[in-house]
Amino acid sequence: MEETKPKLRHMAEQLARLIEVSVTLNSTLNLDELLQFIIKTAEEILNCESVSILLYDEKRAQLIFAAATGSDSKRLAEIPVPLENSIAGEVFLENKPTILSDVKSHSRHYKLVSTSVAFDVHNMLVVPMRTKNRPTGVLEALNKRNGTFTEADEDILSIIASQAAVAIHNARLVKALREAYNEISAANYLKTNFLALASHELRTPLGIIIGYATFLQEESPGELSDHAKQVLNAAMQMRALVDAMTNLNMLRSKEMVMRRVMVPIQLILRGAYNEVKKLAEAKGHQVSLNLPKAPLPVKCDPEKLNTVFVNLMDNAVRFTPEGGKITVSASLNPGGDMLVTIQDSGIGIEPSELKKIFNEFYQVEPHTTRKHGGLGIGLPIAKGLIEAHGGRIWAESEGHNKGSTFKVLLPKISTSVLSTMIR
Ligand code: ADP
């Protein structure tokens, strides 16, 4: 009776330690830290000279030392352990733990390991590590101090191994996610830099092309002037793209300078419509500007709001098949905020896409079958510019071929600044 007391106390201590191990394993997501924790605690609980973790390398179909106490772990990592003709391999393949007391005379003892790290193995306990449906590797405990490994040791190491397998699986997933995230960030950085560089470098040659094409169009006789006009139109389109890229870069780098003045929204909306009028007429659209007579003042950077409404109207024209209907309206809501809507009878937007279209480079149509051109940056720019004005922008549509409505809400202006309006 007296003898069993210390034994019971020892078991209780081990159980308490196992619970501690379980909590730490479940909360550590760094793979290296996790492996170190597993081997150190297992060595301590089992009271042995060394513990190592061998993980299965699927590509090479071998076990690889991932961490070890008591030996040169770097050197160990260089020695792959074959599945055939090794004790670890046998435990891994058969998914059964094993206790060996005279390791050196065992036919499957893989001698290369002990000779390489000059570690003399007498006895060992090896248990498999696996998650629900996948073998992960094995845990090895070497040289029990004061005796040989027992079945109780086997139970303890098996409990550690099954929890370690899940923790290792999770840590690997997190590592893979981090790597993927870093790759995406690097690609995103390249893309941002490319945009900044490309828009900057294209600006000067485009200026020259536009200058000479304008000169040629004005000075050349007959057909030549028409050719020059075509060049000019194409160059102007390119400049609009370069301007859009520059705007996007400025929004991202928060470098944008706002020059706010008071203007009637009618002035901005009419100006924007003039820029898309030709295109709208060419497509035979019926466009109504539903604007109140009395000026509706807005405190804004007129150039930036112009960019927003040109983008929205240009989209309405492009995404509406010929002979469509487009209505632009502006009004004050009861709270005094200004609401501008641009409604079209076009191809519409599925509800699931309504938010995504404001993401950079997002286009509903797949790139390979695109009919409408564009870069997918008009709406994110519009969103950035409207938000810089303290406003909100969103899209509404009942789905495919049901038309779309884009709404912009600009905040109420305090009465004290109303008198400074430009007319
Ligand atoms: P782009 O027009 O250059 O593709 P935008 O950022 O302006 O880029 O628009 C993103 C996407 O949102 C468009 O490619 C299109 O799929 C969708 N979209 C925008 N405006 C409309 C609209 N009025 N009707 C239908 N779809 C639209």
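Order of listing sets the numbers, starting from 1, for every ligand and every atom in it. Starting from 1, each residue takes its place in the sequence as its number.
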Practice task
Could you give me the CA-CA distance, side-chain angles and deciding distance for Met313 and Val287, then say whether side-chain contact (heavy atoms from CB on, under 4.5 Å) is met?
Solution key: CA-CA 10 Å; Met313 291 183 201; Val287 182; over 6 Å; no
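Of the listed residues (Asn359, Thr405, Leu379), the one carrying the non-hydrogen atom nearest atom 9 (O) of ligand 1 is Leu379. When Tyr362, Phe319, Phe361 are checked for heavy-atom proximity to atom 18 (N) of ligand 1, Phe319 turns out nearest.
Counting non-hydrogen atoms of other residues, nucleotides and ligands closer than 6.0 Å to CZ of Arg203 gives a total above 12. More than 12 heavy atoms of other residues, nucleotides or ligands sit less than 6.0 Å from atom CD of Glu396.
Considering backbone and side-chain atoms together, Phe406 places no N or O closer than 3.5 Å to any N or O of ligand 1. Remark: ligand 1 and Arg318 share an N or O pair separated by less than 3.5 Å (distance only, no angle test). Taking any N or O of Pro380, backbone or side chain, none lies under 3.5 Å from an N or O belonging to ligand 1. For Gly376, a nitrogen or oxygen atom sits less than 3.5 Å from a nitrogen or oxygen atom of ligand 1, counting backbone and side chain alike.
Close contacts of ligand 1 with Ile349, meaning ligand atoms under 4.0 Å from a residue heavy atom, involve 25 (C), 26 (N), 27 (C). In summary, the atoms of ligand 1 found under 4.0 Å from a heavy atom of Ile377, numbered by their order in the structure, are 6 (O), 8 (O). Counting the atoms of ligand 1 from 1 in the order shown, those under 4.0 Å from a heavy atom of Gln363 are 1 (P), 3 (O), 4 (O), 14 (O). Near Gly348, meaning under 4.0 Å from one of its heavy atoms, ligand 1 places the atoms 25 (C).
Using a 4.0 Å cut-off between heavy atoms, Val364 contacts ligand 1 through both its backbone and its side chain. Residue-level proximity to ligand 1 for Asp344 is carried by the side chain, the only part with a heavy atom below 4.0 angstrom.
Asp301 places no side-chain N or O within 3.5 Å of a backbone atom of Met258 that could act as its donor or acceptor partner. Put simply, the side chain of Gln266 gets close to the backbone of Ala294: a donor and an acceptor are under 3.5 Å apart.
Residues Leu83 and Tyr56 form a side-chain contact, since some pair of their non-hydrogen atoms from C-beta on lies under 4.5 Å apart.
With salt bridges taken as basic N to acidic carboxylate O contacts below 4.0 Å, none links Glu281 and Lys278.
Rounding to the nearest 0.5 angstrom, the gap separating the CD atom in Glu49 from the CD atom in Glu43 is 8.5 Å.
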